[in-house]
A.B. asks: 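First, the structure itself, so that you have it in front of you.
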Protein chains: 2
Amino acid sequence: MTGDRSTRDRLLDAFETLVVGAGSRSATLDAVAAEAGVSKGGLLYHFHSKDDLVEGMLDRLRAQGEDDTVRMRQAPNGPVDFYLETSVDSGSDFDRALIATARIAQESDPRASAALADLREAWFGVLQEHLGDDSLARTIQLIGDGLYFDDTTGLADARALDHVRAVLRRLDVL
Amino acid sequence: MTGDRSTRDRLLDAFETLVVGAGSRSATLDAVAAEAGVSKGGLLYHFHSKDDLVEGMLDRLRAQGEDDTVRMRQAPNGPVDFYLETSVDSGSDFDRALIATARIAQESDPRASAALADLREAWFGVLQEHLGDDSLARTIQLIGDGLYFDDTTGLADARALDHVRAVLRRLDVL
DNA sequence: GTCTATACTAAGATAGAC
DNA sequence: GTCTATCTTAGTATAGAC
């Protein structure tokens, strides 16, 4: 068990990086292989098709998502602040997988949409459980979605999170 | 001045429809021409390239956006409710143009990002002016972004808007 | 102003050597 | 398990007829 990533993992990393950076359209087999430092044939040994690459990414995302909800429940500053903070892209592996998945979901891939929907349901569950208030939980989830959207569209505002915290304090949530 | 749309407009409509439905990758010249009921050659007479199609769409979006901020200022239930309501896709021409543009922005087209940023700045200006509160204006804008994001990712919740209104009433905004 | 035909290019995928 | 070479398809764009 060294820190080395397997070729398979490096290929998934490369795929996500390219999808995040320029859309799945630009994440061609050639580009993914080059980014991972592997030949196209090498890539196709691990993943039979581009579609297979998506499946592999979603499998990894699901595992990462389970870890995330556990951390959300146990977060020192509470699940709400944890959720908001992690809605802004911190550059983690999980963020990258999430952004890549959302992009692919928007290109009408039902498997990606389903994976995202599952994740969101889990997050909402933790928020609802903690707040005991559907409207508040939904609204906070929407704020998280907004932070996330702005980030991925290049519209991010550095002070956005502080503004949100100020408003949530008025609602006695933080 | 009849209700007929010019071929040029029908081509832009078709382009937006395809981008919204399946991403700009699927909005091929063949597909756009077919959707508009024109041959590929006919399309290329009006728009010299796919890129030209994007420019045409952005020009139209800017004009639609100016109309929208005027309506937002004059909305009977106030700008906040107008903004939130129009953040959910109502199927209007403007919504379609906006969703198409956001998708193209996410594929790293700086012109699309810039057009979106201008629109958002205008909306924020109206919210800020009406509320006199930066934190609240930003937070409401994020909620709108969240509503919009959920809509475009197939995660929309029919009751989301009601939940948001309930929370905003607690803040004496609505 | 719109059409058909076609050249060019890029991407996905396969086969088989090493 | 990874490589090179190659086939095939699909998409962009041009040329020129009508």
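Predicted model, so just to flag it, every value in this text is computed and none were measured. Computed from heavy atoms alone, side chains included, the values below leave out hydrogens, waters and symmetry copies.
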A.B. asks: Is A:Arg62 paired with A:Asp59 through a side-chain N to carboxylate O contact shorter than 4.0 Å?
C.D. replies: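 Judged by the 4.0 Å cut-off on N to carboxylate O distance, A:Asp59 and A:Arg62 do form a salt bridge.
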A.B. asks: Are B:Leu44 and B:Val54 connected in the hydrophobic side-chain network, where two residues link if heavy atoms are under 4.5 Å apart?
C.D. replies: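 Yes, it is one cluster - the side chains of B:Leu44 and B:Val54 are joined through contacts under 4.5 Å.
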A.B. asks: B:Phe149 vs A:Phe149 aromatic rings, parallel, tilted or perpendicular, using cut-offs 30° and 60°?
C.D. replies: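 Taking A:Phe149 first and then B:Phe149, their aromatic rings sit tilted (interplane angle of 30° to 60°).
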A.B. asks: Walk me through whether B:Asp93 and B:Gln64 qualify under side-chain contact (heavy atoms from CB on, under 4.5 Å).
C.D. replies: CA-CA 9 Å; B:Asp93 283 359; B:Gln64 290 166 317; 3.8 Å; yes
A.B. asks: Can a donor-acceptor pair be found, under 3.5 Å and without considering hydrogens, that links the side chain of B:Arg103 to the backbone of B:Val20?
C.D. replies: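 At least one qualifying donor-acceptor pair exists.
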A.B. asks: Set out, line by line, the N/O atom pairs under 3.5 Å between protein and nucleotides 10-12 of chain D.
C.D. replies:
residue : atom : partner : partner atom : Å
D:dT12  : OP1  : B:Lys50 : NZ           : 3.0
D:dT12  : OP2  : B:Leu29 : N            : 2.8

A.B. asks: Of all of residues 8-15 of chain A, which get a heavy atom below 4.0 angstrom from DNA chain C, listed by number?
C.D. replies: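 Correct list: empty, so none.
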A.B. asks: How long is the straight-line distance from CD of A:Glu35 back to OG1 of A:Thr28, given to the nearest 0.5 Å?
C.D. replies: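 With rounding to 0.5 Å, OG1 (A:Thr28) is 11.0 Å from CD (A:Glu35).
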A.B. asks: Mind checking the OG1-CZ spacing from A:Thr101 to A:Arg96? Nearest 0.5 Å is all I need.
C.D. replies: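 That separation rounds to 10.5 Å.
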A.B. asks: How close or far is atom P of D:dT14 from atom CG of B:Asp52, stated in whole angstroms?
C.D. replies: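 That distance rounds to 11 Å.
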A.B. asks: Begin from the C-alpha positions of A:Asp162 and B:Arg138 and carry the test salt bridge (charged side-chain N to carboxylate O under 4.0 Å, His left out) through to its verdict.
C.D. replies: CA-CA 10 Å; A:Asp162 289 329; B:Arg138 258 310 162 221; over 6 Å; no
A.B. asks: Reading DNA chain C in the 5' to 3' direction, which nucleotide is the first one with an atom under 4.0 Å from a heavy atom of chain B, and which is the last?
C.D. replies: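 Extent of the interface on DNA chain C: C:dG1 to C:dT4.
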A.B. asks: Please identify which of these residues, A:Thr69, A:Thr86, A:Asp68, meets the side-chain hydrogen bond (donor to acceptor under 3.5 Å, both in side chains) condition with A:Trp123.
C.D. replies: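 Checked A:Thr69, A:Thr86, A:Asp68 against A:Trp123; only one passes side-chain hydrogen bond (donor to acceptor under 3.5 Å, both in side chains): A:Asp68.
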A.B. asks: Is the cationic atom of B:Arg71 (NZ for Lys, CZ for Arg) positioned less than 6.0 Å from the six-membered ring centroid of B:Phe82 and within 45 degrees of its normal?
C.D. replies: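 No - B:Arg71 does not lie over the ring of B:Phe82 by the 6.0 Å and 45° rule.
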